[in-house]
Every structure is written in structure tokens, then in C-alpha cells.
Student: 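Encoded as C-alpha cells, here's the structure I'll be asking about.
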Amino acid sequence: MRKIWTILLLHLKEFFKSPGVLVLMFVMPALFSWIFGGMTMNSDQNKPVVNVVLSDSPVSKEMFNLLKQDHHFDWKQQSRNQAEKNVSAQDAVAAVVLPDDIGQRITETKPLFDIIVQRKNEDYLALSTHLEGTAGLVLRSYQATSKLEADALPKVLDAITNNKGIMVEKQIIQKDSNNSVETNLMFVGFAIMFMMFGLSGAASTILEERIGGTWGRLMVSPASKLQVSLGYLLAYFFMGWIQFAVLMVTMNLLFETTWGSLVYFIPFASLVILSVVGFGLMIAGLVKTKQQASAVSAVLIVSTCMLGGVYWPIEVVPDLMQKIALAVPQSWAMAGFKEIISGSLHSATLMRDTLALFGFSALFFFIGLRGMKFE
Amino acid sequence: MNMLTVQDLRKIFGKFEAVKGVSFAVEKGESYGLLGPNGAGKSTTINMITGLFPPTSGEIHIKDIDVVKNQKQAQKWIGVVPQEIALYQSMSARENLKFWGRMYDLSGSALEKSVDQVLEIIGLSERAKDKVETFSGGMKRRVNIGAAILHKPELLIMDEPTVGIDPQSRNHILETVKRLNNEGMTIIYTSHYMEEVEYLCERIGIVDHGELIASGTLSELRETIGDHSKIILAMDKERFNPEQITESLTTFFSDKDFQIQDQQVMVFHKEPQLILTDFIQSVTKTGAKITSVDIVEPNLESVFLHLTGRNLRD
């Protein structure tokens with residue numbers, strides 16, 4: 001155990017002495033996360049504004065609550081005059097005027113909402129879809145309650161707005177990712193990518209040591225191959241965890257991010273780091289020089305990160321690409337982190353991601369250790 | 001008692017047989033030199049003895065331990081000075097020594113004491129805290145040796161430990177090795193510098209093309225060439241005619257006793273003074289112009305030349 005610890009400490013020391021590695025493993029991911037995280041956070045604060053002109057009826061108030069369910073817009077109640085001015089000045093995407101008598105509108109087959117809009121931009125297109133959906137919902141609710149008491153419609157609309165039953169069921173199946181989860185996943189993605197660069201660079205030092213003679217000297221010492229291998233691999237594993245922990249804390253301080261349940265996050269992150277160590281070892285085992293390792297790593301890391309949803313959510317790419325992504329470990333890592341960070345913790349999904357990462361790790365270690373020359 | 005016994009050792013890499021049935025034994029406290037040109041199979045033999053890679057066939061025993069079967073047990077008894085400077089360059093000399101000491105199961109005050117002693121032996125106590133990358137080639141070589149003797153091995157194996165260093169550092173290293181041997185450490189020393197092997201080793205094995213072609217003390221090896229000295233005549237290029245010189249020399253000497261190589265004519269004889277005049281006359285009567293005359297006493301170089309027909313550094 002002492003020999004393993006000695007080798008581990010030696011490599012951690014060497015690692016922290018190298019400014020290049022420190023920049024790659026800490027500064028770069030923190031910088032990327034800060035820039036892109038800042039952009040995402042700002043966009044969250046600058047939601048497009050929609051003005052709503054309410055009437056005095058209780059139905060109008062409930063319809064307003066229903067509209068506010070779309071969190072992509074900042075809904076603000078205004079008088080008609082102010083709303084018109086805001087739209088004209090392009091301070092609001094549109095103004096939605098809610099009718100006094102909804103029954104009359106429906107009977108006369110008139111549109112349910114009056115919309116004041118200056119220019120039909122992308123935000124308006126997104127808004128119109130939500131408005132059409134809400135109008136349809138109100139219409140069906142009106143038809144269902146038309147023969148009941150006068151206050152039946154607002155009660156139904158209120159029930160729809162606050163229907164916790166539907167939300168709870170959705171949470172059990174799988175939570176929809178919100179902006180915060182996507183941002184946190186982006187931090188994790190950058191951490192994984194730069195960790196892959198850092199650790200594959202660190203693992204390729206074995207190649208330098210082989211040429212320099214220290215590897216051979218270790219082999220002729222009484223330290224066993226297992227002790228030497230464990231010393232190196234644990235050093236890389238700790239490097240990975242130090243990087244991950246530093247980034248987690250930094251992002252937490254900068255953006256108040258949350259990482260979901262640490263009971264799930266820590267073991268899963270450990271598995272991801274293990275597979276990244278295996279990846280670095282595999283590269284070191286397949287090539288002969290550090291220069292070759294750098295070139296091969298760069299190509300493999302960038303391409304598999306693109307495929308695996310590290311740069312952008314995997315859902316935005318075509319189905320075929322999503323299927324190809326299953327062949328790279330990053331897609332399973334990101335899927336697992338999404339489950340944990342969003343709080344879904346869907347056990348079947350997490351189990352599937354965990355098993356897939358175990359499989360990748362085993363494969364990488366098998367190839368890497370076979371390629372390692374202990375002579 | 002034999003410290004090392006090597007029996008019919010072979011190593012084949014693909015179709016290339018690097019070591020072809022080498023056998024020798026080294027007694028406890030002895031210093032044994034393996035001499036041979038680059039690529040002769042010295043390092044391959046050494047690497048099998050140290051357990052770096054297994055032999056294709058043959059047996060190696062350190063004391064009574066079978067190196068092939070109980071590699072790690074055997075490695076505790078040996079110290080290895082590799083040909084490369086196998087050190088962590090960004091670490092200090094002390095840090096390097098401590099690291100390698102720990103690899104040989106040293107710890108605590110025993111490790112500290114051993115590191116201090118070794119730093120003194122290699123003459124680097126003053127520079128102990130300096131990074132190895134700031135050292136000269138000779139100083140690095142000394143730390144390289146230091147890392148191998150921390151655990152006071154009974155058998156020290158040195159693979160060309162003086163390659164590419166200044167004469168001062170070389171002398172320091174040779175003195176250190178001599179001292180360790182005098183203190184009872186068994187030494188195996190490989191080199192293609194014959195003067196080092198002559199100075200350090202009681203017995204010498206000559207390796208060429210993967211075979212141990214001769215083994216014995218220096219005087220025993222000299223006897224293989226009959227204790228003959230070598231007279232070397234260097235010739236001017238213009239009037240040098242090898243055929244005429246060969247014809248002229250055969251009237252005095254047998255074919256085995258002389259060699260013509262490049263623009264040099266060499267004759268081997270026990271008493272060179274007796275034949276020097278006849279030799280010079282035989283050569284000059286062909287019209288050749290002599291530019292220099294050298295008489296070389298029998299040494300390992302001439303033994304090697306005699307055994308292989310080549311110079312050691314060819």
C-alpha cells in the first residue's frame with residue numbers, strides 16, 4: 001500500500017507543478033463555464049415581455065393565470081393604453097387583451113383573445129402557439145361548463161392551472177429539464193471534456209517514462225505490476241476528482257448552481273471519472289509516443305463530445321445522430337447527470353446509464369492494460 | 001558461493017536471436033565485466049537478469065532464488081543502474097532518492113539516513129535540494145547510481161553507467177564503484193569502454209553477436225592472443241599498395257600475425273622490438289611512405305580484435 005501511495009503522491013505533485021495542465025484542467029473549463037453560463041443566466045433574466053390587458057371578470061383573471069404557465073415569457077398586467085405604447089416601443093413582444101364576456105365571443109365565433117403586435121418575430125411565433133393552446137383549453141372548458149353555474153368556468157380554469165396531480169405524475173416519470181438544469185449540465189459537460197484532455201495527457205506520461213527509463217526502473221524494483229498500475233491509475237482518478245470538485249464549487253459560488261442529490265452525484269461522477277481514466281489509459285496503450293497520444297486524443301475527444309451531447313443537448317440533433325451517440329460514453333454520462341441534477345432520479349434510466357458507463361470503463365481498461373508494456 | 005548464476009540464457013525477439021545461450025557465474029564480492037560493442041547483447045542479458053523481461057529459455061539464479069519464477073523476491077537483492085538517466089527531472093536529488101528508496105521498502109528514519117549516506121557517497125550533499133534537471137550529465141549519472149544503492153543491494157548491476165559524461169565525473173563514478181566493491185558489494189558492469197572494465201573488474205566476459213565468446217581474468221584473456229603486442233604503421237595514401245605489402249610481409253610473417261586495414265599495417269608479436277626493423281623495411285621496400293609508428297601493449301581491445309576480427313567500437 002505504501003508503494004501505491006508513494007507513486008500516487010509523486011504523480012499528483014508532478015501534476016500540480018505543471019502550469020499547462022493546471023490551465024487545461026481548471027482555468028479553461030471554469031472560463032468556458034463562466035462565459036457560457038453567464039450567457040445562459042442572462043438570457044434567463046431577459047425573458048421576452050408580454051403585456052396582458054385584463055377585464056373585470058373572474059374568468060379573465062383565471063385565463064391570465066393560465067397564460068403565465070409558460071415561463072419562457074415575462075407576463076405583465078397593463079392597461080390597454082400602456083400595453084399599446086409598450087408594444088409600439090417594442091418593450092413588449094405583444095399585448096394580449098382578454099375579453100369581458102367569453103361566452104359572447106364563443107357564440108359569435110370570434111377569436112378569444114385580441115392580440116396587439118408590432119412585428120411578428122420569433123418570440124411572437126412562440127407566443128402564438130401558447131396562446132392558441134390556451135384558447136383551445138378555455139374553449140373546451142367553456143363547453144363543458146356552459147350548462148352549469150356561472151362561476152363553474154373560473155373554477156375549472158383554476159383547477160387546470162393548479163392541477164398538481166398532472167405535475168406529480170410527470171415528476172415520477174421524468175422531469176422536464178429547465179433552463180437551470182441545462183446550464184448545470186453545460187458546466188458538467190465542459191468539466192468532462194477538459195478532464196478528458198487533462199487525464200489523457202497525464203496518462204500519456206507513461207509513454208514518456210517508458211522512453212526516459214523511470215518506467216523500466218520501476219519494473220525492476222520490488223514493486224509489483226499491480227502496485228505500479230494502481231499507483232498511476234489512482235493518481236489520475238484523484239486528479240479527475242480534484243478537477244471536478246474545484247469546478248463544482250466554483251460554479252456553485254459563481255452561479256449558485258445545484259448538483260442534485262450528492263448521494264447519487266458523487267458515485268456517478270466517480271464512475272464517469274473512472275471511464276475517463278480508462279479512456280486516457282487506452283490511448284496511452286495504443287500509441288507509442290506522447291505526441292501521437294495528443295493527436296489521437298484531440299480528435300477522439302472533440303468528436304465524441306460533439307456526438308455525446310457535451311456541447312449541446314442531445315435532443316436537438318436528428319434521431320440518427322442520437323442513435324450513434326449511444327456508442328460514446330459521454331452521452332450516457334450526460335444522461336445520468338441530467339437525471340441526478342434535475343432531481344428525476346428515475347431508477348431505470350440511472351441504472352441503464354451506470355451499466356453503460358461500467359461497460360465502457362471495462363472495455364477501456366481492458367484495451368489500455370493490454371497495450372501497457374510492463375517490460 | 002555464487003551470487004549470480006546464468007545458465008544457457010537465450011532471448012529471441014521475433015526472428016532475431018539477441019542472446020544465444022550465454023552462461024556465466026559471478027561469485028559473492030566479485031566484480032564482473034561484460035564487454036562488447038553496441039548491439040552485442042549485453043543490455044538484453046542484463047535486462048533478463050534484472051527481471052525486466054523473461055528469457056526465451058535458460059535459467060538465472062540470484063543466490064538461490066530463481067529470477068524467472070520469483071522475480072520480485074530476487075529484485076530485493078539487486079540494485080540496477082540503467083543505461084538511461086531514469087530519474088524524475090523536475091524533482092530534487094533528495095526527492096528522487098527518497099522515492100526510489102520507498103520502492104525498495106525503506107521508510108522513516110532508515111530512509112532518511114540512507115539518503116544522507118548515498119548523497120555523501122555520490123558527492124552531492126550540497127546539491128541535494130536542487131532539481132535534477134539543473135544538474136550536469138555527470139551529476140545526473142551519479143544520482144542515477146545513488147538511486148540503485150540506497151537499499152544496500154548485495155548485487156549491483158550497472159549498464160553502461162558512464163555514457164556521455166566528462167572525465168572528472170567518470171573518475172568519480174569509477175572510484176565509487178571500486179569502493180562499493182571493496183566494501184563487499186558484488187558488481188556486474190557492462191561497458192564498451194575497455195579501460196573501465198580493465199580498471200574495475202576482476203573477471204571479464206566478452207560478448208559479441210549475442211554470444212559470450214570469452215570469459216576470464218584480464219591475464220587469462222591476454223593469453224588467448226599469446227600476450228602479443230601490436231605494432232601499427234600508419235601509411236601515406238599516395239604510395240600505399242596493400243597487395244605489394246602483403247606479398248612483402250609474407251616472407252617474414254604468417255598470415256595470422258599481420259593485418260592491413262585502411263591505411264594501417266599491423267603486426268602482432270610477443271617481443272615487438274626484435275622484429276620492428278624487419279617490419280619497417282618490408283613495408284618501405286614496396287615504396288610506401290610511413291607517417292607514424294605505434295607499439296600497443298596487449299589489452300582488451302587487442303583481445304577483442306583477435307577474437308572477433310573487429311575493433312570494439314566498430
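Below, read A as the first sequence line, B as the second, and so on, with proteins coming before strands; counting in each chain starts at 1. Computed from heavy atoms alone, side chains included, the values below leave out hydrogens, waters and symmetry copies. Quick caveat, the model's predicted, so the values are computed rather than measured.
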Student: Measure Ile78(B) against the heavy atoms of chain A and call it side chain, backbone, both or neither at under 4.5 Å.
Tutor: neither
Student: Determine whether the side chains of Ser90(B) and Glu14(A) contain a donor N or O and an acceptor N or O closer than 3.5 Å.
Tutor: yes
Student: Any idea which of Leu9(A), Leu218(A), Ile211(A) has the most non-hydrogen atom pairs under 4.5 angstrom with chain B?
Tutor: Leu218(A)
Student: Just checking Lys63(B): does its NZ atom have more than 12 heavy atoms from other residues, nucleotides or ligands closer to it than 6.0 angstrom?
Tutor: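 Above 12, so yes.
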Student: Just wondering, more than 12 heavy atoms not from Glu183(B) lying within 6.0 Å of its CD?
Tutor: yes
Student: Chain A heavy atoms under 4.5 Å from Asn47(B): which part of the residue, side chain, backbone, both or neither?
Tutor: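 No part of Asn47(B) comes within 4.5 Å of chain A.
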Student: For the atom pair NE2 (His151(B)) and OG (Ser221(A)), what is the distance rounded to the nearest 0.5 Å?
Tutor: 9.0 Å
Student: For atom CH2 of Trp241(A), decide whether the heavy atoms of other residues, nucleotides or ligands shown that lie under 6.0 angstrom number more than 12.
Tutor: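 Correct, the count exceeds 12.
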Student: For Phe364(A), does the CZ atom have more than 12 heavy-atom neighbours from other residues, nucleotides or ligands under 6.0 Å away?
Tutor: yes
Student: Has Phe13(B) got more than 12 heavy atoms of other residues, nucleotides or ligands less than 6.0 Å from its CZ?
Tutor: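 More than 12 heavy atoms, drawn from other residues, nucleotides or ligands, come within 6.0 Å of this atom.
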Student: Tell me, for Ala74(B) versus chain A, whether the close heavy atoms (under 4.5 Å) come from the side chain, the backbone, both or neither.
Tutor: neither
Student: Give, for atom OG1 of Thr214(A) and atom CD of Gln89(B), the distance between the pair rounded to the nearest 0.5 Å.
Tutor: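 Between Thr214(A) OG1 and Gln89(B) CD, I get 9.0 Å after rounding to 0.5 Å.
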Student: To the nearest 0.5 Å, how far apart are OH in Tyr88(B) and CD in Glu209(A)?
Tutor: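 Separation between the atoms: 3.5 Å.
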Student: Relative to chain A, which segment of Glu95(B) carries a heavy atom at a distance below 4.5 Å: side chain, backbone, both, or neither?
Tutor: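 Side chain only.
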Student: About how many Å separate NZ of Lys72(B) and CE of Met219(A), when rounded to the nearest 0.5 Å?
Tutor: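 Taking CE in Met219(A) and NZ in Lys72(B), the distance rounds to 6.5 Å.
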Student: Go through Pro82(B), Gly51(B), Gly79(B) and name the one with the most non-hydrogen pairs under 4.5 angstrom from chain A.
Tutor: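 If we count pairs closer than 4.5 Å to chain A, Pro82(B) comes out on top.
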Student: May I ask you to say whether Lys3(A) pairs ionically with Asp105(B), meaning some side-chain N is under 4.0 Å from a carboxylate O?
Tutor: yes
Student: About how many Å separate NZ of Lys225(A) and CD of Gln71(B), when rounded to the nearest 0.5 Å?
Tutor: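 If I round to the nearest 0.5 Å, the distance is 6.0 Å.
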Student: What do you reckon, is CD of Glu120(B) surrounded by more than 12 foreign heavy atoms closer than 6.0 Å?
Tutor: no
Student: Given side-chain contact (heavy atoms from CB on, under 4.5 Å), test Lys98(B) with Thr6(A) step by step and report yes or no.
Tutor: CA-CA 10 Å; Lys98(B) 282 174 89 168; Thr6(A) 304; over 6 Å; no
Student: Which value, rounded to the nearest 0.5 Å, describes the distance between Arg217(A) atom CZ and Leu52(B) atom CG?
Tutor: 12.5 Å
